[in-house]
Amino acid sequence: MADSKVSELTSATSVGVSDQFYVVQSSTSKKVTAAVLFANAANVTLKGNVNLDSSVQTVSSAGTVIDLTKPVSHLVADGTGGSISIPAGTTNQIKYITMITTAGGSYTISANIANSQTITFSAVGKTAQLLYTNSKWHMVGGTASIA
């Protein structure tokens, strides 16, 4: 394959940390693993559309615990709503919560919220972007009420 053009090679559908890339560095041909190539990928600037993991939690009853393994939780309130909870996260974790339907009820979250505050989702379209830092969830954006 030494005489093959890169454009003629079969495309890879995934990349593992030990996979190798061809690099020309200071006019010298070298190889680099994916682990080395991406090891210092700090302060990455993303442009265009950025899609989060497509798995979404649907919360449809009081007492439900927000799932931190999914980046987005949709709230579907019945006529009564009630209290839901969010467990402690990991430092710098981000969580998005959106009320997508309601039959007149609202949901509140008070456990693990910074400054002992309560976040209330009272209508369709109410949202919260939360950041877990300093051992608490902080609301850094959205339209849900916080008090």
Rounded to the nearest 0.5 Å, how far apart are OG of Ser110 and CD of Gln117?
11.5 Å

Contact summary for Gly82 and Ala62, nearest pair of heavy atoms
CA-CB, 3.9 Å

For Ser122, the side-chain contact (heavy atoms from CB on, under 4.5 Å) test, sequence neighbours excluded, returns Ser106, Thr120, Lys126

Any heavy-atom pair between the side chains of Pro87 and Val65 that's under 4.5 Å?
yes

Hey, mind stepping through Leu9 and Ser4 against side-chain contact (heavy atoms from CB on, under 4.5 Å) and telling me if it holds?
CA-CA 7 Å; Leu9 298 176; Ser4 296; 4.1 Å; yes

In Å, rounded to the nearest 0.5 Å, how long is the span from OG1 of Thr64 to CD of Gln57?
7.0 Å

Are the side chains of Val32 and Gln20 in contact, using a 4.5 Å heavy-atom criterion?
no

Co-members of Ile84 in a cluster of I, L, V, M, F, W and Y side chains, linked at under 4.5 Å:
Val59, Ile66, Leu68, Leu75, Ile86, Ile97, Met99, Tyr107, Ile109, Ile113, Ile119, Phe121, Leu130, Tyr132, Trp137, Met139, Ile146

Between Val15 and Leu37, is there a shared hydrophobic cluster once you connect ILVMFWY residues whose side-chain heavy atoms come closer than 4.5 Å?
yes

Classify the side-chain pair Lys30/Gln25 by whether it contains a donor and acceptor separated by less than 3.5 Å.
yes

Pro71 vs Lys95 side-chain heavy atoms within contact, under 4.5 Å:
no

Is the backbone N or O of Thr127 less than 3.5 Å from a side-chain atom of Thr143, with the two atoms forming a donor-acceptor pair by type?
yes

Is there a side-chain contact between Tyr22 and Ser29 in this structure, where contact means two heavy atoms from C-beta onward sitting under 4.5 Å apart?
yes

Could you tell me the separation between the CG atom of Asn51 and the CG atom of Asp53, rounded to the nearest 0.5 Å?
10.5 Å

With a 4.5 Å limit on heavy-atom distance, are the side chains of Ser18 and Thr33 in contact?
no

To the nearest 0.5 Å, what is the distance between CG (Asp78) and OG (Ser61)?
8.0 Å

Identify the two heavy atoms, one from His138 and one from Lys136, that lie closest to each other, and give their separation to 0.1 Å.
CD2-O, 3.3 Å

side-chain contact (heavy atoms from CB on, under 4.5 Å), that's the test. Do Gln129 and Ile94 meet it? Break it down for me.
CA-CA 7 Å; Gln129 179 182 0; Ile94 295 173; 4.1 Å; yes

